[in-house]
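All remarks here apply to the structure that follows.
Only this structure's heavy atoms are used, side chains among them; waters, hydrogens and symmetry mates stay out. Please read all numbers here as calculations on a predicted model, not as lab measurements.
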Amino acid sequence: MGRFHRHADGMVHEHEHDHSDDPHDIGDHSSYRTGRERVSVLERIFAENDHTAAENRADFAASAVCAVNVMSSPGAGKTTLLRETLRRLADSVRTGIIEGDIETSLDADRLAGLGAAVVLVNTGDGFGGECHLDAPMVRSALPRLPLEELDLVLIENVGNLVCPAEFDVGESARAMVYAITEGEEKPLKYPVMFRSVDLVLINKIDLLPHLDYDLDAFHANLRAVNPGVITIEVSARTGEGVDEWCNWLLTKLPELRLDADAALT
């Protein structure tokens, strides 16, 4: 998927690379270039995914449930942040979790016992070990969630800064957990991800005094690819900013419900 990109209008194209001037070019790469045929297959995959995403969105809306797709690179701190989120929302919001991982139940196990209904999707089990959740995978989880008893579903996507951004899973909103240990340049290197989200949670902010990190440069790079995105500085370890993130969810909940209701009309 890394050599393909889908635009906002649904158009898919392949990124061709000319290696003729590359001193590391070891020969003909034509075996990797299947041209229009492969693009056509990808267009069908995206079309089928979007159809299933619409079904997911309608199911969420029918149950008055808001779904938020939470994405990040591996190790950015999604699961730790979600643990703190569940602790704070336990008395006010009925929450479900769809946990996506290629293998193991480690993250799902960490989220158990915090008052949320947790459903695990291992993408290595019959899904080919995909590096993202797509709409059919999320759909496979829905019968295992008590949607009629929930207000909010947080979808913890597989850790990856590329593919998860390409796939609509039926969510009402997208949030990204970004750790300052990843470097200031990440919005420029992975613009599709940073451009696709409504909110960026700048995590591990407690490490700022100990790192050679330019927070202003990160914000400038982020604005270059997504000028209107909301940012919240958080530390999942210390709890800094987590209440602000929870308040964002609480204040967005009625709005997201309205957006979800539109899927039924």
Open item on the list: Quick check on the hydrophobic clustering: are V169 and L150 connected, directly or via other members, by side-chain heavy-atom contacts under 4.5 Å?
Closed with: yes
Task: Hphob cluster co-occupancy, I232 + L152, side-chain heavy atoms under 4.5 angstrom - done: yes
TODO: Spell out, as yes or no, whether a donor-acceptor pair under 3.5 Å connects the side chain of S105 to the backbone of A108.
DONE: no
Task: From CA spacing to verdict: side-chain contact (heavy atoms from CB on, under 4.5 Å), V153, I97 - done: CA-CA 6 Å; V153 170; I97 299 285; over 6 Å; no
Open item on the list: Is there a side chain to side chain donor-acceptor pair (under 3.5 Å) between N49 and D168? Walk through the geometry before answering.
Closed with: CA-CA 7 Å; N49 179 84; D168 180 5; over 6 Å; no
Open item on the list: Measuring from atom CG of D101 to atom OG1 of T79, what distance do you get when rounded to the nearest 0.5 angstrom?
Closed with: 7.0 Å
- [ ] Just jot down the side chain to side chain contact (heavy atoms under 4.5 Å, CB included) partners of L114, sequence neighbours excluded, or say none.
- [x] R83, L86, R87
Open item on the list: Taking the side chain as everything from C-beta on, heavy atoms only, tell me whether L222 gets closer than 4.5 Å to T231.
Closed with: yes
Task: Side chain E149, main chain P146, donor-acceptor under 3.5 Å - done: no
Open item on the list: Less than 4.5 Å apart, side chain to side chain, heavy atoms only: is that true for D134 and E166?
Closed with: no
Open item on the list: Quick test of your reading of the model: are K252 and D198 salt-bridged, counting only N-O distances below 4.0 Å?
Closed with: no
Task: Between CD1 on residue I155 and CG on residue N56, distance to nearest 0.5 Å - done: 8.0 Å
Open item on the list: Looking at every heavy atom in both P187 and V225, which two are closest together, and how far apart are they?
Closed with: O-CG1, 3.7 Å
- [ ] Can you see which heavy atom on A236 is nearest to which on G77, and at what distance?
- [x] CB-O, 4.4 Å
Task: Whether Y213 and F218 hold their rings parallel, tilted or perpendicular, with breakpoints at 30° and 60° - done: tilted
Task: Over all atoms of both residues, closest heavy-atom pair of E156 and L133 - done: O-CD1, 3.9 Å
Task: Linked, directly or transitively: L82 and L106 (ILVMFWY side chains, under 4.5 Å) - done: no
Open item on the list: Would you compute the distance between atom CG of L89 and atom OG1 of T95 and round it to the nearest 0.5 angstrom?
Closed with: 5.0 Å
- [ ] Using modelled atom types only, decide if a donor and an acceptor are shared between the side chain of N221 and the backbone of A217 within a distance under 3.5 Å.
- [x] yes
Task: Minimum-distance pair of heavy atoms, taken over all atoms of M71 and A165 - done: SD-N, 4.0 Å
Open item on the list: Under the rule for salt bridge (Lys or Arg N to Asp or Glu O under 4.0 Å), what residues qualify as partners of E171, not counting sequence neighbours?
Closed with: R174
Open item on the list: Tell me whether N122 contacts the main-chain N or O of T104 through its side chain, where contact means a donor paired with an acceptor under 3.5 Å.
Closed with: yes
Task: side-chain contact (heavy atoms from CB on, under 4.5 Å) between L142 and I98, intermediate numbers included - done: CA-CA 9 Å; L142 296 189; I98 297 176; 4.1 Å; yes
Open item on the list: Measuring only between side-chain heavy atoms, which start at C-beta, is V162 closer than 4.5 Å to H132?
Closed with: no
TODO: Before giving the answer on salt bridge (charged side-chain N to carboxylate O under 4.0 Å, His left out), spell out for D59 and R139 the whole-Å C-alpha distance, their side-chain angles and the decisive distance to 0.1 Å.
DONE: CA-CA 9 Å; D59 285 351; R139 188 149 194 82; 2.9 Å; yes
Task: V70 and M176, any side-chain heavy atoms less than 4.5 Å apart - done: no
Open item on the list: Between T85 and L249, is there a side-chain heavy-atom distance shorter than 4.5 Å?
Closed with: yes
Open item on the list: Between I205 and V234, is the side-chain contact (heavy atoms from CB on, under 4.5 Å) condition met? List the steps.
Closed with: CA-CA 6 Å; I205 200 67; V234 302; 5.8 Å; no
Task: Nearest-0.5 Å distance, SG of residue C66 to CZ of residue F60 - done: 10.0 Å
Task: Side chain to side chain, K186 and M193, heavy atoms closer than 4.5 Å - done: no
TODO: Answer yes if V197 and Y178 sit in the same cluster of Ile, Leu, Val, Met, Phe, Trp and Tyr residues linked by side chain heavy atoms under 4.5 Å apart, and no otherwise.
DONE: yes
Open item on the list: On a heavy-atom basis, which atom in A76 and which in A179 lie closest, and how many Å separate them?
Closed with: O-CB, 3.8 Å
Open item on the list: Regarding R88 and E84, does a basic nitrogen lie under 4.0 Å from an acidic carboxylate oxygen?
Closed with: yes
Task: Approximate separation, where rounding is to 0.5 Å, of E99 CD and D109 CG - done: 9.5 Å
Task: E244: salt bridge (Lys or Arg N to Asp or Glu O under 4.0 Å) partners, not counting sequence neighbours - done: none
- [ ] Report yes or no: does D151 contribute a side-chain atom to a donor-acceptor pair with the main-chain N or O of R94 at less than 3.5 Å?
- [x] yes
Open item on the list: Looking at D214, is its backbone amide N or carbonyl O close enough to the side chain of E184 to form a donor-acceptor pair, meaning the two atoms are under 3.5 Å apart?
Closed with: yes
Open item on the list: Nearest 0.5 Å, please: how far is OG1 in T181 from CG in N203?
Closed with: 8.0 Å
TODO: Provide the closest heavy-atom pair for P74 versus G159 in the form atom of the first, atom of the second, distance.
DONE: CG-O, 3.4 Å
Open item on the list: I'd like to know if the side chain of N69 and the backbone of A173 have a donor-acceptor N/O pair within less than 3.5 Å.
Closed with: no
Open item on the list: Show, in sequence, the C-alpha distance, side-chain angles and deciding distance for S172 and V68, and conclude whether the side-chain contact (heavy atoms from CB on, under 4.5 Å) test is met.
Closed with: CA-CA 6 Å; S172 303; V68 178; 5.8 Å; no
Open item on the list: Could you see if L215 belongs to whatever hydrophobic cluster contains V229? Use Ile, Leu, Val, Met, Phe, Trp, Tyr and a side-chain cutoff under 4.5 Å.
Closed with: yes
